[in-house]
Amino acid sequence: MAVLITGGTGYIGSHTIVELLGAGQDIVAMDNFSNSKPAVLDRIREITGKKIRFYRVDMLDKPGMEAVFRENNIDSCIHFAALKAVGESVARPLLYYKNNVTGTINLLELIAEYGVKRFVFSSSATVYGKPPSVPIREDFPLSPVNPYGQTKLMIEQILADLSASDSGMSVVILRYFNPVGAHKSGRLGEDPRGIPSNLMPYITQVAGGKLPYLPVYGNDYNTHDGTGVRDYIHILDLAGAHLSALDYTERVRGVEYFNIGTGRGYSVFDIIRAYEKTTGKRIPYQIAPRRPGDVDECYADPGKANRLLGWRAKYDIEDMCRDADRWQSMYPQGFED
Ligand code: UFG
């Protein structure tokens, strides 16, 4: 029996595969390499000593995906594959709705047809939009502010309806906060295309001399130092949450939602300071205008995941900075083919 991982060569998918292989799970992975590279598969093999079954297939290619189900004995699925750039989703909404929503419907039709009952979905804290207060609990109002976030919320709704229609199904929806860091070996990490839009990969490229300085998007937010506050979570902790979620689908039926964060908020200045302290490298910055759509503060109440999944984040902000920096130093060009 195998776990199907969609988006298996992406940042979160690849780290999760390493965790699952370590736990003795049998893996079948797929990806279309739209935002990842085949070299990731070699790194997974180097780290784990195991080879996984892999299919290069696009989620809009349903016959191509069906072959994966036909040729393997799949009993659960962790669904990561999606387009995820917020700005691009505003500029090209139809691309996002088609890829993320239609692609997921194709997958779910096959899940139903092949009798797969256990499903874990990669959602995002972005579904909360601007939260009325922090820390954010799972029962807070949902109001995403961009098409990317809307696709995540639509898929959550589709999954809730699907699970209501089939009492044998078990669906876990994980709402991630801000994943950062890299594998301890330094061989696997985040490899954004072009200039990074997220904070940590931008900082690592400044630290490595690829970019001259960090633009700090706004210093007049209602936070302890004026810069935006987020809940950064180590990618290995996030990967571990998927193992716990998969385990949960074996025990409990229905649909359940979990925030996956540390419960601690750090500002942009806090992150710059932590990075400089742990790596000894200097991060020059310049204050820039606010980025549209950014909120003051966003951090999780992860209590529900702690209680029901038995999962808790282990790594602190210094681990996140140290590991992100190691990956950047070892592979300044990311994954080369
Ligand atoms: N920031 C900067 N400079 C940069 C990049 C970011 O100052 O060059 C600031 C942002 O303004 C924000 C913080 O750093 O205050 C974090 O920004 P990120 O872009 O790293 O992360 P976001 O919180 O904006 O978004 C991330 C993911 C989304 C996801 C969301 C969930 O990119 O996909 O977390 O909270 F939906």
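Both counts, for ligands and for their atoms, begin at 1 and track the order of listing. What you see is a predicted model; the values in this text were computed from it and never measured.
For His242 and Phe121, the distance between ring centers is not under 6.0 angstrom. For an aromatic pair to be called close, the ring centres must be under 6.0 Å apart, and Tyr11 with Phe80 fails this.
Close contacts between ligand 1 and Val216 involve ligand atoms 7 (O) [criterion: under 4.0 Å to a heavy atom]. Taking every heavy atom of Ala125 and a limit of under 4.0 angstrom, the matching atoms of ligand 1 come to 31 (C), 35 (O). For ligand 1 and Asn178, the ligand atoms under 4.0 Å from any heavy atom of the residue are 21 (O), 22 (P), 23 (O), 26 (C), 34 (O), 35 (O). Below 4.0 Å from some heavy atom of Tyr148 lie the following atoms of ligand 1, by number and element: 33 (O), 36 (F). Applying the 4.0 Å criterion to heavy atoms of Ser197 picks out, from ligand 1, the atoms 5 (C), 19 (O).
Within the 4.0 Å heavy-atom cutoff, Tyr232 counts among the residues contacting ligand 1.
Contacts between Asn198 and ligand 1 below 4.0 angstrom, taking non-hydrogen atoms only, involve backbone and side chain alike. Counting heavy atoms closer than 4.0 Å to ligand 1, residue Tyr202 contributes side-chain atoms (C-beta onward) but none from N, CA, C or O. In Thr126, the parts holding a heavy atom less than 4.0 Å from any atom of ligand 1 are both the side chain and the backbone. For Leu214, every heavy-atom contact with ligand 1 shorter than 4.0 Å involves the side chain, none the backbone.
Within a 6.0 Å sphere centred on NZ of Lys314, other residues, nucleotides and ligands contribute 12 heavy atoms or fewer.
Ranking the protein heavy atoms by distance from atom 23 (O) of ligand 1 puts Arg230 NE, 2.8 Å first. Among protein heavy atoms, the minimum distance from atom 20 (O) of ligand 1 is reached at Leu199 N, 2.8 Å.
Side-chain contact, Asn72 with Arg53: a donor N or O sits under 3.5 Å from an acceptor N or O. No side-chain N or O of Thr227 forms a donor-acceptor pair with one of Asn219 less than 3.5 Å apart. Remark: the His234 side chain and the Asp316 side chain contain no N/O donor-acceptor pair separated by less than 3.5 Å. Residues Tyr96 and Gln150 have side chains that never bring a donor and an acceptor to within less than 3.5 angstrom of each other.
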Item checked: Pair Tyr266-Arg264, side chain to side chain donor-acceptor pair (under 3.5 Å): steps then yes or no -> CA-CA 7 Å; Tyr266 289 94; Arg264 288 204 58 175; 3.2 Å; yes
